[in-house]
Asks: 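Here it is, the structure, as structure tokens.
What you are looking at is a predicted structure, and each value in this text was computed from that prediction instead of being measured.
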Amino acid sequence: MSEIIKISFDESGYTGQQLLDPDQIVYCLASVQFKESEACDFLNIFADRTQGEYKYSKLKKAKRNQQLFLTLLNDIRLHSSSCKLYAIHKPFMVVSKIIDNIYEPLAHEDGIDFYKDRAALAFANMFTSIFPTYLGNTRYLK
């Protein structure tokens, strides 16, 4: 009988969808996939350190937990097949949303596939590079 696989997702929290928040300009989404027994092993590392939810933002506050985090991160079961991370620069995401919601529909009306050959991505990259300089800044957020 095969063991149940547990899959978890978590975002970096803090400012989430506040895309122009100057304190957190990168949004991250992490995913892990482990056998149930492995997931229990990982949680047991912090079993006596938490009440209820195992939340990094709470556990990180105690200096005594730093070595436990290092133990967890150095576990050989954490590898590229069991853990994935997606990170995006929030100001780039704002520009991408503008491209998707304004420019793409206009191009579509003219019979242009804005996603063919990654044209939408090229526009997002171009606007992300040009807008700050055009507006007198060398960066999106100070």
Side-chain angles (χ1 to χ4, degrees), residues 3-142:
E3 191 170 10
I4 295 173
I5 300 292
K6 296 287 186 178
I7 300 175
S8 300
F9 292 90
D10 196 13
E11 42 79 31
S12 56
Y14 307 113
T15 60
Q17 292 185 14
Q18 297 171 9
L19 298 179
L20 294 178
D21 188 302
D23 295 326
Q24 188 186 33
I25 62 169
V26 176
Y27 175 83
C28 292
L29 177 66
S31 173
V32 294
Q33 173 183 301
F34 297 110
K35 293 178 182 173
E36 187 171 18
S37 61
E38 292 171 329
C40 289
D41 288 346
F42 292 136
L43 291 176
N44 284 336
I45 293 172
F46 298 98
D48 63 339
R49 307 289 172 107
T50 185
Q51 296 174 343
E53 185 179 12
Y54 292 82
K55 193 135 180 86
Y56 173 74
S57 59
K58 291 181 182 177
L59 290 167
K60 75 175 182 174
K61 292 177 183 176
K63 187 173 178 108
R64 65 189 178 118
N65 291 335
Q66 290 178 358
Q67 187 57 47
L68 296 176
F69 281 114
L70 291 174
T71 300
L72 175 67
L73 292 172
N74 286 317
D75 192 294
I76 61 170
R77 294 172 289 184
L78 291 177
H79 49 76
S80 61
S81 295
S82 63
C83 303
K84 301 293 181 191
L85 176 69
Y86 175 78
I88 189 164
H89 185 241
K90 287 181 177 182
F92 177 80
M93 191 173 185
V94 169
V95 172
S96 297
K97 286 176 126 348
I98 291 169
I99 300 294
D100 286 343
N101 294 326
I102 297 173
Y103 288 95
E104 190 281 331
L106 293 171
H108 183 76
E109 285 179 12
D110 290 335
I112 300 168
D113 182 354
F114 218 51
Y115 298 112
K116 183 179 179 189
D117 299 325
R118 301 166 60 112
L121 178 61
F123 263 72
N125 284 323
M126 179 184 69
F127 285 134
T128 301
S129 300
I130 292 172
F131 278 163
T133 304
Y134 177 75
L135 297 173
N137 299 314
T138 56
R139 309 180 347 194
Y140 263 94
L141 300 172
K142 294 181 180 184

Asks: About how many Å separate CD1 of I25 and CG of L19, when rounded to the nearest 0.5 Å?
Replies: 12.0 Å
Asks: Please report, to 0.1 Å, the donor-acceptor pairs under 3.5 Å made by any side chain of residues 66-84, with sequence neighbours excluded.
Replies:
from: T71; atom 1: OG1; to: Q67; atom 2: O; distance (Å): 3.0
from: N74; atom 1: ND2; to: L70; atom 2: O; distance (Å): 2.9
from: D75; atom 1: OD1; to: R77; atom 2: N; distance (Å): 2.8
from: D75; atom 1: OD1; to: R77; atom 2: NE; distance (Å): 3.0
from: D75; atom 1: OD2; to: R77; atom 2: NH2; distance (Å): 2.9
from: R77; atom 1: NH1; to: D41; atom 2: OD2; distance (Å): 2.9
from: H79; atom 1: ND1; to: S81; atom 2: N; distance (Å): 3.2
from: S82; atom 1: OG; to: R77; atom 2: O; distance (Å): 2.9
from: S82; atom 1: OG; to: H79; atom 2: N; distance (Å): 3.1
from: S82; atom 1: OG; to: H79; atom 2: O; distance (Å): 3.2
from: K84; atom 1: NZ; to: S80; atom 2: O; distance (Å): 2.6

Asks: Please tabulate, for the side chains in residues 106-125, all donor-acceptor contacts under 3.5 angstrom to protein atoms that are two or more places apart in sequence or on a different chain.
Replies:
from: D113; atom 1: OD1; to: Y115; atom 2: N; distance (Å): 3.0
from: D113; atom 1: OD1; to: K116; atom 2: N; distance (Å): 3.3
from: Y115; atom 1: OH; to: D100; atom 2: OD1; distance (Å): 2.8
from: N125; atom 1: ND2; to: L121; atom 2: O; distance (Å): 3.3

Asks: Between CG of N65 and NZ of K63, what distance do you get to the nearest 0.5 Å?
Replies: 12.0 Å
Asks: Keeping the roles fixed (side chain from K90, backbone from Q24), state whether a donor-acceptor pair exists under 3.5 Å.
Replies: yes
Asks: Write down the atom of P105, the atom of N101, and the distance for their closest heavy-atom approach.
Replies: CG-O, 3.5 Å
